[in-house]
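Notes follow once the structure below has been shown.
Within every chain, numbering begins at 1; the chains are lettered A, B, ... in the order of the sequence lines, protein sequences first and strands thereafter.
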Amino acid sequence: MRFAPHTNDDVARMLEAIGLPSVDRLFEQIPQTVRLHGELDLPEGVSEMEILTDLEGLAGRNRSAEDLVCFAGGGAYDHYVPAVVWALAGRSEFYTSYTPYQPELSQGVLQALFEYQSMICELTGLEVSNASLYDGATALAEAVNLARSAPGRDRVLVSGGVDPRYVETLVTYGRGAGYEPETFEVVDGRGGEPQVGEDVACLVVQHPNVYGLLEPARELFGAAHAGGARAIQVFDPLSLGMLAPPGDLRADIAVAEGQVLGNHLNHGGPYLGVIATRLDDVRRLPGRIVGETVDVDGRTGYVLTLQAREQHIRREKATSNICTNQTLMAIAATVYLGWLGPEGLEELGRRCASKAAYAADRLTEVEGVELLFGDAPFFKEFPLRLSKPAEQVRDALIDRGFLPGIALPDADGHALLVAVTERRTREEIDGLAMALKEVLA
Amino acid sequence: MSDPDVGAPLGRVGAPVRTQGPVGDSATLRDRSRPGRRAYSLPPLDVPEAPVAAEHARSERAGLPEVAERDLVSHYTRLSQRNYGVDTGFYPLGSCSMKYNPKIAENAAQLAGFQRVHPNQPDHTVQGSLELLWRLEHALCEITGMTRATLQPPAGACGELTGLLIMRAHHERQGRQRRRVAIPDSAHGTNPASVRLAGYEAMKVPSDARGLVDVGALEKLVDEDVAGLMLTNPNTLGLFEEEIQRITEVVHEIGGLVYYDGANLNAILGRCRPGDMGFDIVHINTHKTFATPHGGGGPGAGPVGVTETLVPYLPVPRVERREDGAFRLESGFPDSIGRMHGFLGNFGVLVRAYAYVFLHGRDGLKEVAERAVLNANYLAERVKGAFPLEHPDGRPMHEFVATARRLKEETGIRAMDVAKRVIDLGYHPSTVYFPLVVEEAMMVEPTETETMESLDAFAEALLRAHQEAHRDPDILHEAPVTTPVRRLDEARAARHLKLRW
């Protein structure tokens with residue numbers, strides 16, 4: 001299958017216009033010594049039907065939330081994606097366009113991103129959002145870079161309740177930026193006592209945290225501020241119908257995995273990196289930012305703005321190297337938040353929290369199951385301690401049609417993290433409890 | 001050249017339509033909001049309601065718009081109509097390879113067996129995904145001449161950082177701390193920005209009169225403080241670095257590594273490979289070379305391939321194949337630079353890239369490069385009388401850099417004015433003012449998926465704009481006039497920040 005439209009006659013006429021006898025002559029400036037003699041060791045091209053058969057075969061060898069009842073979380077969640085989201089974000093005028101370098105031809109994407117930024121501000125209670133980053137983990141790395149701008153403050157303190165994948169990403173980015181994140185321990189899954197000295201740039205807290213537990217975020221952020229450091233919160237956008245937003249908790253920078261906002265699970269990507277902060281930081285904020293302005297006739301329009309922060313102007317002095325971001329996922333998030341509205345956001349949060357509470361009750365009724373951290377409060381996800389190794393229990397439950405959660409290394413490998421979204425029914429939760437009982441018996 | 005007034009279809013075929021929303025042309029979704037309207041629906045709560053403790057509860061509802069689903073659909077449909085994509089029309093944005101995005105790749109990525117896979121599922125339940133990643137990794141290595149690759153970076157710039165961190169890890173392992181990375185003066189801005197993020201200083205390498213790396217200058221510049229060189233080939237001027245082997249040798253002689261920025265890989269598919277030119281690290285932009293849609297700014301994917309010596313430093317987790325043929329994710333590589341993304345990267349984008357690579361196969365990929373270079377050379381030939389090539393002696397590859405310098409001297413009309421006029425004539429313009437080293441640059445990349453007729457029509461549009469610049473320059477100063485908004489006040493946007501409603 002090929003998409004180049006040229007007929008043999010076209011090729012001949014074009015070569016004639018260029019004044020060359022053959023296509024090979026177009027490549028003659030490539031030295032003989034570096035040319036590929038022979039062909040790439042790849043199969044011949046195939047038809048559309050054949051590639052589809054191949055890909056359906058591969059997809060068919062995956063299990064997924066399509067055939068397993070999904071209680072897995074840990075940073076990606078099986079929330080319902082309403083039909084309207086991709087009917088709109090999937091319009092090809094959006095998805096086949098490039099970064100809006102010509103604003104007159106790109107008002108659709110630009111306005112959608114302006115609305116996205118507005119909705120993220122409404123959601124978080126913070127003053128400014130960019131137009132997206134890659135995902136939650138890399139958004140945290142960018143937030144830490146932003147927070148490390150104060151001279152003499154280099155250290156990065158991270159709560160033990162932050163997702164280890166996020167910390168690993170920070171470690172990688174820190175190799176170039178010149179820091180190593182330091183973890184302070186949580187006590188019974190949350191809290192802890194960070195020592196925020198004068199050399200600390202920022203304190204990172206995830207709330208709800210990696211165990212799904214609610215953190216004493218106000219106290220932790222207060223400790224950060226008392227030591228003169230920035231408070232960075234990793235949050236769950238869909239918790240914010242129920243939970244106090246980062247702005248109210250006095251976070252300075254908030255970052256999130258935006259997958260939950262209308263994006264499919266997609267085996268881990270493409271997802272959406274959300275970042276919001278206070279207006280004072282806008283000139284250090286990484287990535288694209290859309291601003292409102294007027295055209296020569298005074299009509300309202302939108303442009304990429306504050307570009308002097310960015311790599312294509314500032315080059316080595318840019319606040320970040322990000323160029324391509326996750327615009328399409330941000331558009332999906334905008335449509336999704338428009339679909340939910342303020343009431344839907346709250347109702348959806350209530351369903352997640354209520355079903356998670358119900359699931360915790362039912363599952364801990366099973367012999368050999370208890371909450372890992374007793375009665376610590378949680379939102380839509382909670383950790384269990386099982387009487388058998390969690391990986392073994394998980395695999396046995398997969399055989400029974402459930403993806404019961406994520407096996408954690410805690411409790412000597414006997415911990416299972418269970419997430420419950422609005423999609424899970426009482427029947428499915430009861431079913432999981434029954435299956436767990438069989439497996440642990 | 002023919003009379004532009006009777007040229008091929010110079011219509012407004014491609015320009016976004018102007019539509020009127022019920023509450024004004026520039027209304028946001030919030031302007032449509034009315035208290036009590038709603039789009040969402042959820043099943044009844046089938047378990048007891050569980051309250052959130054007061055200390056954690058939100059005190060007032062988030063200020064999101066309240067609209068009906070029908071409003072939502074009309075609003076974003078209208079916005080989509082105010083946007084121009086490859087599906088709308090010709091999009092010769094240089095350096096971005098805006099080729100046709102195959103629909104079958106979209107369908108493939110939407111298969112439930114990909115779309116609904118949770119990233120924390122155990123390996124034995126995702127063998128199809130892992131095999132896809134394995135096959136794609138090896139195909140990309142074959143295409144670029146590398147040994148192994150990571151598919152984790154979610155965009156090209158992240159790929160650059162990944163490659164540079166690998167470079168850093170390599171030098172650390174050798175016990176040689178180096179401080180600088182050399183970059184040609186024509187490089188994309190992400191290169192120096194990534195260099196700094198990797199903890200290095202950027203060092204500029206000058207171009208010679210032909211628009212190629214000045215090898216003599218490079219030889220003098222590099223010393224044992226230089227960790228490596230970043231280069232695109234064909235370079236940012238669309239020209240093949242003919243002395244590429246000497247360039248990579250010069251860097252290797254001082255113990256440096258050579259990094260291939262894959263922005264222009266489309267030009268050489270199946271013809272030559274970065275690995276055979278002496279490159280050690282390669283990143284690929286799947287949204288350029290392999291037609292994954294760019295989504296109005298993203299998502300992308302920026303796989304990074306490396307030579308055998310550098311394999312230990314690749315990010316984790318990696319997809320490995322066991323002896324029994326099963327695939328698994330492995331993280332136990334002590335020299336790895338670590339994790340570059342929360343999960344496995346932009347998997348859904350990689351599915352599309354896989355579909356593209358294997359649809360084309362070895363024969364099709366080679367044809368992609370041939371037709372891309374043919375189209376660029378043909379279009380350059382058609383317009384160079386009005387807009388001369390910056391380096392007329394070099395043979396352009398998949399794109400060419402022309403300049404409006406002469407037009408500006410003669411008429412005061414600048415490359416940006418030409419671009420805006422081209423919009424009124426129904427097309428997305430080329431990249432302008434990049435590369436920065438070329439005055440009044442117009443960087444044109446037609447890609448392989450355009451017909452000769454569309455190239456002719458676009459050439460007519462450029463030539464017409466050129467004539468108008470001499471005859472009636474106000475047409476260009478005023479342009480565009482057919483779009484939903486006209487030229488926007490960018491200075492005002494930066495001065496009076498309005499970044500949210």
Side-chain angles (χ1 to χ4, degrees), chain A residues 1 4-5 14 40 42 44-45 55 58-59 61-66 72 88 91-93 95-97 99 104-105 107-109 118 122 134-135 137 168 172 176 264 266-270 291-293 295 300-301 305 311-312 315-316 318 321 324-328 339 342 344 354 357-358 426, chain B residues 26 39-40 46-47 50 61 63-64 76 79-80 82-87 108 111-113 115-119 125 128 154-155 157 189 192-194 196 198-199 202 293 295-300 338-339 342-344 346-348 359 361-362 364 371 378 448 451 483 485-486 493 498 500-501:
Chain A
M1 183 77 193
M14 292 169 81
L40 291 171
L42 290 176
E44 290 281 316
L55 283 155
L58 290 167
R61 292 177 52 210
N62 285 340
R63 307 293 302 272
S64 73
E66 193 75 355
L88 294 170
R91 286 183 65 89
S92 75
E93 297 90 335
Y95 85 72
T96 71
S97 65
T99 302
E104 301 90 340
L105 286 179
Q107 285 301 296
V109 161
S118 303
E122 298 284 6
Y134 304 134
D135 73 341
E168 288 165 22
T172 310
H264 293 283
N266 289 332
H267 205 164
E292 189 183 292
T293 186
D295 74 357
T300 301
T305 193
Q311 43 76 27
H312 60 287
R315 300 177 75 84
E316 63 269 28
N321 69 337
T324 287
N325 56 21
Q326 303 282 127
T327 291
L328 195 67
W339 182 81
S354 302
Y358 176 77
R426 181 181 191 131
Chain B
S26 61
Y40 84 93
D46 56 359
V47 300
R61 280 182 176 169
L64 297 173
Y76 291 106
L79 289 192
S80 75
R82 292 160 72 102
N83 218 64
Y84 187 106
V86 172
D87 281 8
L111 291 170
Q115 198 175 54
R116 296 206 63 203
V117 173
H118 192 287
T125 65
S194 299
R196 204 197 55 154
R339 179 183 273 288
F343 293 105
L344 300 175
N346 280 340
F347 178 80
L359 260 176
R362 61 172 177 247
R371 299 291 158 85
Y378 177 75
E448 70 280 4
T451 59
T483 42
V485 292
R486 295 180 54 213
K498 185 160 190 221
R500 57 172 296 191
W501 58 45

Note: vs chain A, highest number of non-hydrogen pairs under 4.5 angstrom among B/G295, B/G348, B/A50, B/G85 is B/G295
Using a cut-off of under 4.5 Å for heavy-atom pairs, which of B/G342, B/G364, B/G361, B/G300 has the most such pairs with chain A?
B/G342
Could you give the distance from CZ (B/R362) to CG (A/L42), rounded to the nearest 0.5 Å?
8.0 Å
Largest heavy-atom contact set with chain A, pairs under 4.5 Å, which of B/L359, B/V86, B/L344, B/V47
B/L359
Under a 4.5 Å heavy-atom cutoff, which of B/V117, B/L111, B/T451 has the most pairs with chain A?
B/V117
Are A/E104 and B/R486 side-chain neighbours, meaning at least one heavy-atom pair lies under 4.5 Å?
no
I'd like to verify something: which residue of A/A137, A/P5, A/G291 has the highest number of heavy-atom pairs under 4.5 Å with chain B?
A/P5
Before accepting this row, confirm whether a basic side-chain N of the pair B/R500/A/E292 lies closer than 4.0 Å to the acidic partner's carboxylate O.
no
Verify, without hydrogens or angle tests, whether A/N62 (side chain) and B/G128 (backbone) share a donor-acceptor contact under 3.5 angstrom.
yes
When the ring planes of B/F347 and A/H267 are compared, do they come out parallel, tilted or perpendicular, using 30° and 60° as the limits?
tilted
For B/R371 and A/A4, the nearest pair of non-hydrogen atoms, with its separation, is CG-CB, 3.8 Å
Interface check, chain B: of A/Y134, A/W339, A/Y358, most non-hydrogen pairs under 4.5 Å belong to A/W339
Atom CG in A/L88, atom CG in B/L79: separation rounded to 0.5 Å?
9.5 Å
Of the non-hydrogen atoms in A/P342 and B/L64, which two are nearest, and what is the gap between them?
CD-O, 3.4 Å
Could you have a look at B/E448, B/R116, B/R196 and say which one has the most heavy-atom pairs with chain A under 4.5 angstrom?
B/R116
Compare all side-chain heavy atoms of A/L328 with those of B/P299 and state whether any distance is below 4.5 angstrom.
yes
To the closest 0.5 Å, what do you measure between OH (B/Y84) and CG (A/L105)?
7.5 Å
Below 4.5 Å from any heavy atom of chain B, which atoms of A/L55 appear? Answer side chain, backbone, both or neither.
both
Among the listed options A/S92, A/A72, A/S118, the residue most often paired with chain B at heavy-atom distances under 4.5 Å
A/S118
Passes side-chain contact (heavy atoms from CB on, under 4.5 Å), A/T305 versus B/K498? Steps please.
CA-CA 10 Å; A/T305 193; B/K498 185 160 190 221; over 6 Å; no
Between A/V109 and B/G296 the two heavy atoms that sit nearest each other are CG1-O, 3.7 Å
Taking the side chain as C-beta and beyond, is there a heavy-atom pair between A/E93 and B/D87 under 4.5 Å?
no
Which distance, rounded to the nearest 0.5 Å, do you find between the OG1 of A/T172 and the CZ of B/R339?
8.5 Å
Test item: A/N321 side-chain N/O and B/A157 main-chain N/O as donor-acceptor pair under 3.5 Å
yes
Contacts of type side chain to side chain contact (heavy atoms under 4.5 Å, CB included), residue A/R63, not counting sequence neighbours
A/D67, A/L68, A/I398, B/Q121, B/T125
If I take atom CG from residue A/N266 and atom CZ from residue B/F343, how far apart are they, to the nearest 0.5 angstrom?
12.0 Å
Would you name the heavy atoms of B/N83 and A/G108 that are closest together and state the gap between them?
OD1-N, 3.4 Å
CA sep, side-chain torsions, deciding dist, call: B/Y76, A/R91, side-chain contact (heavy atoms from CB on, under 4.5 Å)
CA-CA 9 Å; B/Y76 291 106; A/R91 286 183 65 89; over 6 Å; no
